[in-house]
Every structure is written in structure tokens, then in C-alpha cells.
**Student:** 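Submitted below is the structure of interest, expressed as C-alpha cells.
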Amino acid sequence: MTTYTAPDKNGRYGNFGGRFVPELLMPALLELETVYEKAKLDPAFQESLDYYLKQYIGRETPLYFAEHLTQKLSGAQIYLKREDLNHTGAHKINNTIGQALLTKRMGKQKVVAETGAGQHGVATATVCALLDLDCIVFMGEEDIRRQKLNVFRMELLGAEVRSVSQGSGTLKDAVNEALRYWVNNVEDTHYILGSVVGPHPFPQIVRDLQSVIGKETKQQIVEQTGSLPDAVIACVGGGSNAMGMFYPFIEDNEVKLYGVEAGGAGIETKQHAATLSSGSIGILHGTMTHLLQDDHGQIEEAFSISAGLDYPGVGPEHSHLHALKRVSYTSITDEEALEAFQILSRTEGIIPALESAHAVAYALKLATKMDPKEKIVICLSGRGDKDVEQVKNTLEGK
Amino acid sequence: MGKANMENYFKQKQSKGDNLFVPYIMAGDGGLEVLKERVLFLQDCGVAAIEIGIPFSDPVADGPTIQAAGKRALENGTTLSGVLKALQAFKDERKVPIILMTYVNPVYRYGLASFAQDCAIAGVDGVIVPDIPIEEEKFIADELQSESLAFIRLAALTSTKDRLIEIAERSEGFLYAVAVTGTTGAREAYGDEVKAYLEMLKSNSSVPVLAGFGVSTPEQAQTLSSYCDGVIVGSTIVEFFHRGDTEKIQQLIQDTTHPAIIG
Ligand SMILES: Cc1ncc(COP(=O)(O)O)c(C=O)c1O
């Protein structure tokens with residue numbers, strides 16, 4: 001690939017992306033874009049971001065050689081980028097800390113966010129506690145049921161959690177309500193969107209903030225092994241951990257990139273969240289991208305065992321990279337993810353988030369087809385503590 | 001038909017000294033069977049145009065009332081193509097201009113060019129797409145243009161002066177001035193800034209300026225109409241139809257259109 005410059009000034013990634021929002025939100029998006037462009041060039045902003053990344057979040061995160069898993073598979077060598085070791089247990093906080101600092105720069109005192117698994121909600125509530133911002137988090141009813149502890153965690157951190165009963169009561173519906181709340185309170189509130197989705201400039205800001213993952217990985221793998229990896233794997237819900245991991249590797253054509261979507265009960269059923277593998281192009285939440293939708297353009301519900309992947313859209317940049325064939329997108333079923341969840345726990349003593357277990361499951365397949373001299377990096381986007389109860393119930397057949 | 005028809009119809013109304021009243025109804029709420037009856041009823045009430053909402057699964061610009069109506073409509077199996085066919089079937093019984101209000105995704109899925117053509121065939125005069133700001137309007141504007149349909153732009157209280165002027169100058173049919181900083185749905189009161197905002201739009205627009213979002217009482221409708229050319233009333237009309245309160249609809253339209261009569 002030649003130099004990669006997306007997005008263009010209109011927030012387009014090839015044909016994807018853009019700003020399909022009510023006029024009421026346009027001034028806020030334009031302001032955010034201006035403030036962000038200025039902040040990027042301001043050493044003071046970068047300095048305070050670096051400070052919190054290191055001293056508060058605990059970066060850099062390790063790149064761990066999963067020796068036992070590698071032995072077990074006797075295929076390619078497997079490395080884990082340990083985003084699960086970040087403060088709050090997932091990559092989500094890389095984004096929220098940056099956006100909270102931008103909120104301050106805009107002189108806004110209030111923050112709204114959506115959450116699926118609760119990870120983004122917790123990461124938002126955390127930085128709001130840290131930086132003394134008011135925080136409201138919208139969360140689907142069904143997700144509240146699946147992730148009770150994260151609700152309490154957010155409340156403990158001082159956030160107000162609002163339950164969303166519309167639609168399927170999952171992530172898409174929480175985004176709708178957060179957007180409506182923002183439409184009604186845009187003058188004093190910033191919306192901390194949790195993935196590389198939504199209208200420009202969100203996909204770009206979130207990607208840039210998450211790309212610390214890929215930058216560190218690139219440096220660490222070269223330090224540890226002397227060369228770049230052969231394959232990099234990340235799970236894709238909205239696609240923020242994947243974009244953050246992939247972005248610094250995009251121009252390194254020798255590195256194969258794999259995005260793993262949630263296959264739910266199987267992509268031949270309607271019960272999945274594999275947008276790129278089986279969706280079609282449309283416009284949702286302000287951006288043109290791949291969606292799960294019916295023939296009349298109504299958005300369909302997504303299904304996955306993991307709340308964080310349960311979204312019927314995907315970041316527009318993933319649609320672009322899919323069109324360019326720079327990233328291969330595949331899917332992993334609930335069952336395969338559950339199995340990988342247990343395998344990683346047993347072999348390495350690392351309990352992955354169910355989301356991340358999708359990436360692990362694909363690596364298990366890929367590694368055995370590769371040469372032992374080759375290297376795979378898995379983005380281990382989060383830890384599985386939040387999922388332990390759900391996995392227990394599922395395995396016990398409840 | 002189309003843009004010219006709408007603009008003429010408004011001129012006729014205004015030449016009689018009427019305020020323009022544009023009701024919004026949700027297509028398929030109560031079943032697609034009642035669409036004709038409701039449209040003809042509103043036409044007889046003397047409205048200036050009728051906005052027909054196409055239900056969408058994810059209506060982010062709408063408050064609870066229209067969300068609920070859209071949900072009912074989708075549960076009734078309402079689709080964009082179904083609505084266009086229903087409108088075509090009684091095209092000759094209408095004089096009142098028809099405007100479709102639809103989020104962009106159902107239109108994109110339908111196909112932009114076929115959508116514009118089928119709108120023209122169905123006797124639709126204009127289109128409002130709440131999730132297309134001026135930055136994205138090339139996406140659809142040319143297709144609508146080639147069928148002479150009015151592409152109705154929305155202005156917002158949060159827009160900067162430069163943007164408002166640009167939106168006003170581009171406006172066709174009428175200019176939709178969103179009068180609250182928020183989603184659709186009844187409001188108690190309007191901010192003081194609304195008067196200056198509407199007057200400013202009025203002085204920059206060559207087509208009528210109508211205020212919408214939040215209007216629920218005749219008093220609000222009259223006050224807003226005194227700053228511009230009239231109002232768009234959505235949630236309140238949707239709720240009255242849902243409850244079968246057609247008398248209240250008639251009253252609200254009369255009180256707004258000819259305020260002098262009630263004094
Ligand atoms: C641990 C973890 N990984 C992945 C995701 C999916 O989000 P994204 O695709 O934006 O990385 C989530 C979302 O909640 C998550 O909690």
C-alpha cells in the first residue's frame with residue numbers, strides 16, 4: 001500500500017464515513033474537529049495525555065509471548081498485547097482519557113456516553129471522576145441485566161446510568177438515546193463516543209487515541225524479536241481496538257491484518273453481529289458504513305454472547321479497509337469464543353474478555369496453519385472479570 | 001407538481017392572510033389504510049402542506065411520541081415503497097402539497113434515483129431528510145432536483161450566522177426552522193432567542209419560513225407564526241390522531257391559520 005491518508009477533510013474513508021447528522025449537531029462536530037486539530041499540534045495537550053496514559057492508566061502495556069499457548073498449538077508464535085492490564089481492564093480508557101481532556105478544552109462540564117458491555121461506560125465514568133466532569137451513561141436494558149456489576153461500578157464512580165428499553169435494549173439503542181440526549185444538551189455537553197463509529201470526526205479521534213496500541217506493539221515486537229509480526233488479529237465490534245492496533249501497520253504490507261467479528265449462533269443464522277462478513281452498505285448513527293439491515297433499510301438487531309460486539313454497524317474505516325482488501329474480516333461464533341475463553345485461562349492464566357476471546361479463537365485456527373517461525377500478535381482488548389458470571393451461567397446451561 | 005406546486009399553494013394561502021400550518025403524520029400509524037382518510041381530512045382543514053413521516057428503526061432526531069408512532073407503524077409492516085404506492089393511489093384527490101420526511105437510510109436502500117422518480121409518480125412535492133446537513137446534501141440533492149422535488153433544508157438554533165444564511169439561501173419549498181435545541185416533542189415554552197432567529201431566517205430566505213419542533217398549543221403556534229410564516233406541528237397531531245381526537249386537530253389548525261377569528 002502507498003501512503004494512507006484517510007480520512008479526507010469531509011471525514012470520508014473512500015466512500016464511507018461522513019457526517020449524516022441533524023443540523024443541530026453540526027456546529028458541535030465542527031467545533032470538536034477544530035479543537036481536536038489544535039490539540040494535536042499543542043505539545044501541552046500531548047504532554048498531559050502522555051502523563052495520564054503512563055501514570056494513571058499504566059501504559060505501556062506489555063507485549064507478552066504466550067509460550068504455553070504457542071507450545072500447545074505448535075504453529076506460529078503467539079504474542080498478546082495486554083490491553084487487559086490497563087486501568088479499568090480494557091482498551092476503552094485510551095480513548096476516554098483523550099476525549100475527556102478535549103471536553104475540558106472545549107470548556108464543557110458535562111459528558112454523555114453509551115455503553116454496551118459497560119467497559120466504555122466504566123472507562124468514561126472513571127475519567128470523569130478523575131477530571132471532575134458530570135457523567136451520564138446510557139445502557140440498554142438487556143446489557144444492564146448481563147453486566148450488573150459494571151452498572152454498580154459506574155455509579156460508584158459518580159456517574160448516572162440511564163436504562164434504555166427501546167429496541168433490543170442493547171448497544172445500538174444506547175447510542176440512539178445518547179445521541180438524542182446530546183441533541184437536547186449539545187451546548188454544555190460533550191458526547192464521548194466509545195468506538196470508531198458515528199459522524200466525523202469521531203472515527204478519526206477514537207482511532208488516533210487508540211493507535212497507541214499499535215505504536216507500542218510495533219516497537220515492542222521489533223525489540224523482542226527483531227522484526228514485524230506476520231499477522232495481527234483483533235476483535236471488531238465498532239472496531240476501536242482493531243483500528244488502534246491496525247493503524248500503525250497499514251502501510252506495512254507484509255503484516256497481514258485480521259478483524260474478527262462476532263458470529264453469534266453462526267453467520268448463516270440471523271443471530272450474529274458480523275456486519276462486514278454479511279451486512280450491506282447503509283447509513284446509521286451519522287456514518288456510511290456496513291450494517292445489518294433489511295430490504296427496506298430498517299436496522300436489524302445484532303446478536304452476540306459478548307455485549308461489546310453486539311452492534312449492527314461498524315466503523316467506516318473498517319468498511320474502507322475491507323474494500324481496499326487491506327484487512328481480512330472473518331467471524332467467530334459464540335461457541336468458539338467460549339472455548340477460547342477457557343483455553344487462554346488454562347494455558348496462560350489470563351482470563352480474556354469475551355470480546356477479546358473472539359480474536360483469540362481466530363488465532364487458534366490461524367496459528368496451526370502457519371510456520372513456527374512466524375509470529376501472530378493478538379490484541380487482547382480486555383480482561384474477562386466482567387464476563388465470569390455470564391460464562392458460568394452459560395456453561396452450566398442456565 | 002413538485003417544488004413549483006408547493007410554492008404556489010403557499011402563495012395562495014398567504015394571499016388570503018393565512019398563517020401556514022403544516023401537520024406531520026406518521027405513515028402507517030393506525031395502518032396504511034387510514035393514510036388517505038387522514039390526508040384528505042387535513043386537506044379539508046385547510047393546511048398548507050402535509051408532512052408524511054416514513055418510520056425508521058433508529059429515529060435519533062425524534063422524541064418519545066414520534067418514536068412510539070414509528071414503532072407502531074413498523075409493527076404494522078409499513079415500508080417506504082408501500083407508502084409511495086398508497087400515495088399514488090389517491091393522487092388525483094389531492095390538491096395539498098405532500099412532503100415526505102424520512103431518515104436517509106431507507107432512501108439510500110431504496111436507491112436515490114428510483115426514490116426521486118417514484119416520489120414524482122406518487123405526487124410527492126418535497127422531501128425532508130433530517131440527517132442530511134448541507135455538507136452531505138450532494139448525496140441526494142441532484143436526484144431530487146432532476147424530478148423538480150423541493151429539497152427542504154433545516155436550520156437550527158445552534159447554527160452559526162454564516163451557516164444560517166447559507167441554509168436560508170439554498171432553501172426550496174420552505175425553510176424548516178427547528179425552534180428548540182432538541183428532538184421532536186411537545187415543549188412548555190420557547191427561548192427568547194427564537195424570535196430573533198426566525199426573523200433573521202425570514203430576512204434571508206426567498207421561500208416561507210416555518211417553525212417546528214415542540215409546538216403543542218394554539219398560543220405557541222400563533223406566537224411563532226407572528227415571527228415567520230407559520231408552523232409545523234408533529235408530535236401533537238400524531239398523538240391526537242392516535243387517540244382519535246380529530247376535533248382538536250381541526251381546532252388547532254383553525255386557531256393557528258386564522259388567529260384573528262379567536263382574537
Ligand atoms: C474488551 C472489549 N473489547 C472489544 C470491545 C469492542 O469494541 P471495539 O470494537 O470498539 O474495540 C469492547 C466493547 O465494549 C470491549 O469491552
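Sequence lines set the chain letters: A, B, ... in the order given, protein chains first and strands last, and positions in each chain run from 1.
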**Student:** Can you confirm whether more than 12 heavy atoms, excluding those of Lys202(B), are under 6.0 Å from its NZ atom?
**Tutor:** yes
**Student:** Would you say Val60(B) and Val183(A) make side-chain contact, with heavy atoms under 4.5 Å?
**Tutor:** no
**Student:** Give, for atom OG1 of Thr158(B) and atom CG of Leu25(A), the distance between the pair rounded to the nearest 0.5 Å.
**Tutor:** 7.5 Å
**Student:** Is any side-chain heavy atom of Leu30(A) closer than 4.5 Å to a side-chain heavy atom of Glu135(B)?
**Tutor:** yes
**Student:** Can you tell me which portion of Arg153(B) sits under 4.5 Å from chain A's heavy atoms? Options are side chain, backbone, both or neither.
**Tutor:**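 Neither; nothing under 4.5 Å.
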**Student:** Is the shortest distance from a Lys or Arg side-chain nitrogen in Glu136(B) or Arg12(A) to a carboxylate oxygen in the other one below 4.0 Å?
**Tutor:** yes
**Student:** Sort Pro59(B) into side chain, backbone, both or neither according to what part of it lies under 4.5 angstrom from a heavy atom of chain A.
**Tutor:** both
**Student:** Quick check: are there more than 12 heavy atoms from other residues, nucleotides or ligands sitting under 6.0 Å from NZ of Lys104(A)?
**Tutor:** yes
**Student:** Are there more than 12 heavy atoms of other residues, nucleotides or ligands under 6.0 Å from atom NZ of Lys38(A)?
**Tutor:** no
**Student:** Tell me, side chain or backbone of Leu74(B) under 4.5 Å from chain A's heavy atoms, or both, or neither?
**Tutor:**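 Side chain only.
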**Student:** Using a cut-off of 6.0 Å, state whether more than 12 heavy atoms not belonging to Glu268(A) lie near its atom CD.
**Tutor:** yes
**Student:** Measure the OG1-CG distance between Thr181(B) and Asn185(A) for me, rounded to the nearest 0.5 Å.
**Tutor:** 9.5 Å
**Student:** If you look at every heavy atom in Pro27(A) and Ser159(B), which pair is closest and at what distance?
**Tutor:** CG-CA, 3.8 Å
**Student:** For Val21(A) versus Pro133(B), what's the shortest heavy-atom pair and its separation?
**Tutor:**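 Nearest heavy atoms, Val21(A) then Pro133(B): O-CD, 3.3 Å.
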**Student:** Heavy-atom distances under 4.5 Å only: say whether Phe139(B) touches chain A with side chain, backbone, both or neither.
**Tutor:**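 Just its side chain gets close to chain A.
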**Student:** Say you draw a straight line from CD1 of Ile283(A) to CG of Asp131(B); how long is it, rounded to the nearest 0.5 Å?
**Tutor:** 7.5 Å
**Student:** With only heavy atoms counted, which part of Val180(B) is less than 4.5 Å from chain A, the side chain, the backbone, both or neither?
**Tutor:**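 Backbone only.
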**Student:** What are the two closest heavy atoms between Gly297(A) and Asn105(B), and how far apart are they?
**Tutor:**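 Gly297(A) and Asn105(B) have their closest heavy atoms at O-ND2, 2.9 Å.
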**Student:** Tell me, side chain or backbone of Glu300(A) under 4.5 Å from chain B's heavy atoms, or both, or neither?
**Tutor:**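 It is neither, since no heavy atom gets under 4.5 Å.
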**Student:** Among the options Lys172(A), His296(A), Glu23(A), Arg180(A), pick out the one with the most heavy-atom pairs lying under 4.5 Å from chain B.
**Tutor:** Arg180(A)
**Student:** Rounded to the nearest 0.5 Å, what separation is found between the CG atom of Asp58(B) and the CD atom of Gln293(A)?
**Tutor:**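 Reported value, rounded in 0.5 Å steps: 11.0 Å.
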**Student:** Name the region of Ile281(A), side chain, backbone, both or neither, that has any atom closer than 4.5 Å to a heavy atom of chain B.
**Tutor:**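 Contact with chain B is through both the backbone and side chain of Ile281(A).
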**Student:** Side chain, backbone, both or neither: which part of Asp295(A) has an atom under 4.5 Å from a heavy atom of chain B?
**Tutor:**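 Both parts, heavy atoms under 4.5 Å.
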**Student:** What heavy-atom pair brings Ser280(A) and Arg109(B) nearest, and what distance separates the two atoms?
**Tutor:**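 That closest heavy-atom pairing would be OG-NH1, 3.1 Å.
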**Student:** Given the options Val129(B), Asp62(B), Val107(B), which has more heavy-atom pairs under 4.5 Å with chain A than any of the others?
**Tutor:** Asp62(B)
**Student:** Locate the shortest heavy-atom distance separating Ile299(A) from Ser57(B); write the atom from each residue and the value.
**Tutor:** N-OG, 2.9 Å
**Student:** Side chain, backbone, both or neither: which part of Phe56(B) has a heavy atom under 4.5 Å from chain A?
**Tutor:**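 Backbone plus side chain of Phe56(B), per the 4.5 Å heavy-atom cut-off to chain A.
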**Student:** Is Asn15(A) atom CG crowded by more than 12 heavy atoms from other residues, nucleotides or ligands, each under 6.0 Å away?
**Tutor:**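 No, because the 6.0 Å sphere around CG of Asn15(A) holds 12 heavy atoms or fewer from other groups.
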